[in-house]
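Lettering of chains follows the sequences in order, A, B, ..., and the numbering in each one begins at 1.
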Amino acid sequence: MEYNFEEIEKKWQKFWNDNKIYKTDIDISKPKFYVLDMFPYPSGSGLHVGHPLGYIASDIYSRYKRMKGFNVLHPMGFDAFGLPAEQFAIQTGQHPAITTKQNINRYRNQLDKMGFCYDWDREVQTSDPKYYLWTQWAFLNMFESFYNKSQESARPIRELIQHFEQFGTKGVNAAQTEELQFTADEWNSKSDKEKQEVLMNYRIAYLGITMVNWCPELGTVLANDEVINGLSERGGHPVEQKLMKQWCLRVSAYSQRLLDGLNTIEWTESLKESQRNWIGRSEGAEMVFDVLNSNSKIQVFTTRPDTIFGVTFMVLAPESDYVPLVTTPEQQKEVEKYIETVKHKTERDRMIEKKVTGVFTGSYAINPFNGTKIPIWISDYVLAGYGTGAIMAVPGHDSRDHAFAKHFNLPIIPLIEGCDVTNESFDAKEGIMINSGFLNGLSVTEAIQTANKYIEDNNLGHIKVNYRLRDAIFSRQRYWGEPFPVYYENEMPSPLPFAQLPLELPEVDKFLPTETGEPPLARAKKWNYMGFPLETSTMPGFAGSSAYFLRYQDPKNENALVSKEANDYWRNVDLYIGGTEHATGHLIYSRFWNKFLFDTGFSCEDEPFKKLINQGMIQGRSNFVYRINNDDNCRFVSYGLKENYDTTPLHVDVNIVENDILDIEAFKKWRPEFEKAEFILENGKYFCGYAVEKMGKRYHNVVNPDDVVKKYGADTLRLYEMFLGPLEASKPWDTAGIEGVHRFLKKTWRLFITSEGNLKITDEEPTPAELKILHRTIKKTEEDIERFSLNTAVSSFMICVNDLTELKCSKRKILEPLLIILAPFAPHICEELWFFLGRSHSVTTAQWVDFDPKYLIENIIQYPVSFNGKMRYKLEMPADATIEAIEQAVLENHQSQKWIENKEIKKIIVVPKKIINVVVSG
RNA sequence: GCCCGGAUGGUGGAAUGGUAGACACGCAGGACUUAAAAUCCUGUAGCCAUUGCGGCUGUGCGGGUUCAAGUCCCGCUCCGGGUACCA
């Protein structure tokens, strides 16, 4: 009887499902382990073979941990709000909820075929009102909170109000949009509306007027991480800067904690580094410059206060509030003209042009260190959103300032001994200071410290830490997202009472903005609360994915996001697997979101994801055929012969190519125009060329996991995806090796079952050699799973089965444990064979077998003996031989080795169980 | 520009500083078969010797540390990813 994977897999998937084998509940008698996959956005094109890579790895790990005695939480769900469904709705009028539901069903169907051990009873869908109630709830909590920097924690906004009532802003140390100052009396005499406006300055979820990335094509604003190279992440449309009133989350308040937290979690260095760069902490000084003949003062931020003697001009951002203060009447026209041109440039234009532009304001500032007069310019290379929107320019030691100085012919002063700054600035923080007054002779590091001290001592400014991390813009002018639980009274936002949640998405006639440019929700008929209009924008994609890992812990709870009990037990994610593309989006936002919930007592851990593994991308492997140009017969030439002709390469569907050999008949049917195609073959075959490209429809290189499952079975797909290479590496999908993995499963099958379908298994006692094979494999499998080296784990199974086949070993005492350790990788076939062995319960819930070290030690160890690093012969020694005995044996052996007799042994190095190295003279 | 990775046979890839190339694909040869498929066996880094055991060279390039380097250190080259006027 042959290995009939199709039947077996269907049977056991049904068995697991019917018996709810993977249903998980709190069990305080067992240690918990939480394994999470980044849940997918269910796109219309379904899963391709790259998606399950991480899911397979996490599935193997979950199954392994469960067998090791852990209570494993391994849930799955769908990130169901998103732009593609909405775009589709705009085109077709089909409600996004319907499209989304269809896509989810398709995904679910595909996932189910791969034999994952998810507890589907815990499924969450972010577009489900029962789920997004808790997204809205969290938003309201953020609205009702501010960040107390002294306590390093979010606190209820009423604490701040009480403080204002008693002391005004005195003693307030809170994260804020701008610095405010008022007394208690002033606060108490403010109108309600005025008070609300002030509080917006502090709330963690606040309505703010900020420069946003506006994408006219999509008709919505985008967060920084949704803009790539000045184009929208979705669709690649140009993005411009625009001042708009938007909901924002005060993520920046958590900058330092987000940075510090990285040291407490097990993520890859590169991912932590990305986050550190994104947070962008920089220490420097904020310094005040007086403006000549004016009362104005300009504050700048610099990380190089040591270079102050090299400041030859100052630059303001075009949007800076300082601009009107310092522009002289003579320069007014020029400045206005410049600002106008800058406004019309998109982010992308700026990047592509990279032209140096700017305009002089007519004013001068005074260098506070030496009193020199420095011209104040305006240029778009200075960003309004960072620091103070104004810089002191040091062309000698900053490349951007240098380019500007060159262009406008401004002086450049070298400040470091021995450097030439005529053609290039010297940006490195090293060397000895010159031309710098009292800083002369100091090293750069010393000079920075000395200058900082001088600034503080002389009241010229203060030391300041700046972060690049911006507050998250939280409004989207779209339909398919969570509505804000907010209504407007007197034009001031008020939160909906919790009892009114969830605020469900209303029906609209079209999914487009209104004629007046309002978001789609403005089309809804009854979009108000007690007569007051409701907010018409919706939340962004990351809202629903920011706390989903907590909801899985208690998905059906109607009274809380997660009960205290469930959260105390499941805590945070022990292992999170997903792609690197979320490094600066989801993984920042959800850390922020969780920290907020931690502060407010709803999450018991400060960091949501303890260990994170990034699975690599699976790229497509495209195939090409070569059509001969200007050929009447539509001929194609095989890859190896194409140099003899003038050809055009054409992408060909990889599903009609096997091992780069084209299925000619299938090709003729693929496209009508190829029906009469002729082929110039090599050895009777047509070989295709190949290239590694992104997996996508346009390259005809999409491989659907369903097809692979159909052909080889889920167990083969699982093993093969792991076997392909290291989990974290990017690699192309190449079916060339899949036969080998499939062959391994067939071999395993044959260890148990004869070709007639009889059970081969005997109850004979295993030999030491067989036990050695088994225990070696158990040990290796454990080690490999623990370090996520799943490709080598698969290899070790192959070696094991090959060895057992060679020994014709079909002994129960060997094969039963083998099934247990193979079960996480290939659960279906193991269940079937386990069943044949007469075992009743599921092998996937069996207890893991521990290896017995006594079968691992070799009785005799063969030591390679090397002389001066060169291998000479092998010396056999008992495993328990002492180092002295080994040395003695080498010396004795030395005498019988003629070729070395006139050389003197200087040293004998014995590496236990590894090698003996003999150092000889000459 | 900056920050991270990476470079090993024809291919994907193994190697806690200790016999480089595990395992798999592919290829070649063989067995079984009327034949094919399936299955099994042998060989497979390169070069030389293969009716001798074997020898030499080899982990992108150039140096170094070490008895011993794919692995550690210094200097390059190329490839991949992230990020960018962040002062």
Side-chain angles (χ1 to χ4, degrees), chain A residues 2 225 228-230 268-274 276-278 280-282 284 300-304 307 315 317 350-351 354 356 379-383 385-394 397-401 403-404 427 466-470 580-581 583-584 614 616-617 619 621 659-660 690 692 720 723-726 728-741 743-744 746-747 750 755 783 787 789 791-799 802 805-806 862-874 906-920:
Chain A
E2 275 305 299
D225 68 281
I228 293 164
N229 289 332
T268 58
E269 246 345 278
S270 74
L271 188 61
K272 289 190 196 178
E273 205 52 36
S274 299
R276 287 190 189 110
N277 289 341
W278 191 258
R281 181 192 156 101
S282 62
V300 301
F301 175 75
T302 179
T303 54
R304 294 292 302 274
T307 59
V315 189
R350 270 197 191 189
M351 280 179 190
K354 284 228 157 160
V356 178
S379 174
D380 64 358
Y381 84 85
V382 175
L383 303 176
Y386 184 77
T388 60
I391 60 150
M392 57 177 227
V394 186
H397 301 277
D398 183 286
S399 52
R400 298 154 300 182
D401 298 346
F404 194 83
D427 293 14
N466 258 328
Y467 299 92
R468 200 185 80 111
L469 187 67
R470 297 272 78 91
T580 20
E581 65 272 20
T584 50
N614 290 120
M617 280 245 289
Q619 296 140 311
R621 191 178 186 279
N659 294 336
D660 290 339
Y690 75 89
V692 173
Y720 185 58
F723 185 70
L724 215 46
E728 310 207 45
S730 283
K731 56 237 157 188
W733 177 259
D734 182 355
T735 37
I738 200 164
E739 295 281 353
V741 172
R743 212 166 282 161
F744 155 73
K746 287 201 268 190
K747 271 187 194 173
R750 283 199 301 270
S755 50
E783 283 171 0
R787 65 191 176 107
S789 176
N791 54 333
T792 54
V794 175
S795 293
S796 74
F797 287 127
M798 289 180 176
I799 298 168
N802 282 345
T805 305
E806 199 171 318
Q862 282 200 338
Y863 283 91
V865 182
S866 89
F867 285 82
N868 286 357
K870 295 214 169 176
M871 239 284 283
R872 284 299 180 187
Y873 61 94
K874 284 178 186 169
K906 286 185 170 167
K907 207 167 29 165
I908 299 174
I909 299 156
V910 178
V911 181
K913 289 176 199 163
K914 289 263 169 159
I915 193 167
I916 301 165
N917 210 304
V918 184
V919 188
V920 297

Thr268(A) vs Glu728(A), test: side-chain contact (heavy atoms from CB on, under 4.5 Å). Steps then yes/no. CA-CA 10 Å; Thr268(A) 58; Glu728(A) 310 207 45; 3.6 Å; yes
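- Comparing A24(B), A87(B), C86(B) against the side chain of Arg470(A) picks out C86(B) as the nearest.
- To the nearest whole angstrom, the two P atoms, one in U11(B) and one in U83(B), are 32 Å apart.
- If you measure from atom CD1 of Ile915(A) to atom C1' of C67(B), you get 10 Å, rounded to the nearest angstrom.
- In terms of phosphate contacts, Tyr467(A) brings no side-chain nitrogen or oxygen within less than 4.0 Å of OP1 or OP2 of C86(B).
- Of the inter-residue distances, the one linking Glu739(A) atom CD with Lys746(A) atom NZ reads 7.0 Å to the nearest 0.5 angstrom.
- Closest to the Ile799(A) side chain, of the nucleotides C40(B), U19(B), A22(B), is A22(B).
- Here Phe301(A) contributes atom CZ and Ile391(A) contributes atom CD1; the two are 12.0 Å apart, rounded to the nearest 0.5 Å.
- The base-pairing partner of C56(B), taking Watson-Crick or G-U wobble contacts with both distances under 3.5 Å, is G46(B).
- At the heavy-atom level, Pro726(A) lies under 4.0 Å from the strands shown only through sugar-phosphate atoms.
- The separation of A20(B) from G70(B), taken at their P atoms, amounts to 8 Å, rounded to a whole angstrom.
- In this structure, Asn802(A) reaches the sugar-phosphate backbone alone: every heavy-atom distance under 4.0 Å involves primed, P, OP1 or OP2 atoms, never a base.
- Protein atom CD of Glu581(A) is 19 Å distant from nucleotide atom P of G5(B), rounded to whole Å.
- For Asn791(A) and A14(B), the shortest distance from a side-chain N or O to OP1 or OP2 is below 4.0 Å.
- Base-pair partner of G62(B): C74(B) (Watson-Crick or G-U wobble, both distances under 3.5 Å).
- Taking 4.0 angstrom as the limit, Arg787(A) places none of its side-chain polar atoms (N or O) nearer than this to OP1 or OP2 of U16(B).
- G13(B) and U65(B) have their C1' atoms separated by 30 Å, given to the nearest Å.
- Atom-to-atom, CZ of Phe744(A) to C1' of C23(B) comes out at 11 Å; the value is rounded to the nearest Å.
- C79(B) and G29(B): their C1' atoms are spaced 38 Å apart (whole Å).
- Within the 4.0 angstrom heavy-atom criterion, no nucleotide atom of any strand lies near Asp427(A).
- Rounded to whole angstrom, the span from the NZ atom of Lys747(A) across to the C1' atom of C41(B) amounts to 11 Å.
- When the P atom is used for both A14(B) and G30(B), the distance is 34 Å, rounded to whole Å.
- Note: Phe723(A) CZ to Met798(A) CE = 4.5 Å, rounded to the nearest 0.5 Å.
- Phosphate contact (OP1/OP2 of A14(B), side-chain N/O of Ser789(A), threshold under 4.0 Å): absent.
- With a cut-off of 3.5 Å on both Watson-Crick or G-U wobble distances, the partner of A37(B) is given as none.
- Remark: C1' of U83(B) and CZ of Arg276(A) are 16 Å apart, rounded to the nearest angstrom.
- Across C85(B) and C74(B), the matching C1' atoms stand 33 Å from one another, rounded to whole Å.
- For the atom pair OH of Tyr386(A) and CZ of Arg468(A), the computed distance is 9.0 Å after rounding to the nearest 0.5 Å.
- A donor-acceptor contact shorter than 3.5 Å is absent between the side chain of Asn277(A) and the backbone of Gly280(A).
- Contacts of Arg621(A) with the nucleic acid, taken as non-hydrogen atoms under 4.0 Å apart, are absent.
- Nucleic acid contact class of Ser399(A) (heavy atoms, under 4.0 Å, all strands): none.
- Side-chain proximity of Glu273(A) to A87(B), C86(B), C3(B): nearest is C3(B).
- As a whole-Å value, the separation of Asp401(A) CG from C86(B) P is 10 Å.
- At a threshold of 4.5 Å between non-hydrogen side-chain atoms, the residues Arg750(A) and Thr805(A) do not count as touching.
- Following rounding to the nearest Å, Arg281(A) (CZ) and U83(B) (C1') show an atom-to-atom distance of 20 Å.
- Nearest-nucleotide mapping onto RNA chain B: of Asn277(A) and Gln619(A), the residue sitting toward the 5' end is Asn277(A).
- G9(B) takes the syn form, because its glycosidic angle lies no more than 90° either side of 0.
- Shown here, G80(B) forms a base pair with C4(B); the pair counts as Watson-Crick or G-U wobble because both key distances fall under 3.5 Å.
- The Thr302(A) side chain lies nearest to A87(B) when the options are U19(B), U83(B), A87(B).
- G17(B) is unpaired under the Watson-Crick or G-U wobble criterion, no partner having all donor-acceptor distances under 3.5 Å.
- Ser795(A) comes within contact range of at least one nucleobase, with a heavy-atom separation under 4.0 Å.
- Nearest to the side chain of Ala736(A), among U83(B), G13(B), C25(B), sits C25(B).
- Under 4.0 angstrom from either OP1 or OP2 of U39(B) there lies at least one side-chain N or O belonging to Lys746(A).
- With rounding to whole Å, Arg400(A) atom CZ is found 6 Å from C85(B) atom C1'.
- Contacts of Lys272(A) with the nucleic acid, taken as non-hydrogen atoms under 4.0 Å apart, are absent.
- Take the nearest nucleotide of RNA chain B for Gly280(A) and for Asp734(A): the residue whose nucleotide is more 5' is Asp734(A).
- Nucleic acid contact class of Ile391(A) (heavy atoms, under 4.0 Å, all strands): base.
- Taking 4.0 angstrom as the limit, Arg750(A) places a side-chain polar atom (N or O) nearer than this to OP1 or OP2 of C40(B).
- Judged purely by distance below 3.5 Å, without hydrogens or angles, the side chains of Thr792(A) and Ser795(A) never pair a donor atom with an acceptor atom.
- Nucleotide A87(B): unpaired (no Watson-Crick or G-U wobble partner with both distances less than 3.5 Å).
- When distances are taken from the side chain of Arg468(A) to each of C86(B), U39(B), A87(B), the shortest belongs to C86(B).
- Rounded to a whole angstrom, the distance from the C1' atom of A7(B) to that of G21(B) is 15 Å.
- Remark: the separation of the P atoms in G43(B) and C56(B) is 23 Å, to the nearest Å.
- Ring geometry, Tyr720(A) versus Trp733(A): the interplanar angle exceeds 60°, so the pair is classed perpendicular (tilted spans 30 to 60°).
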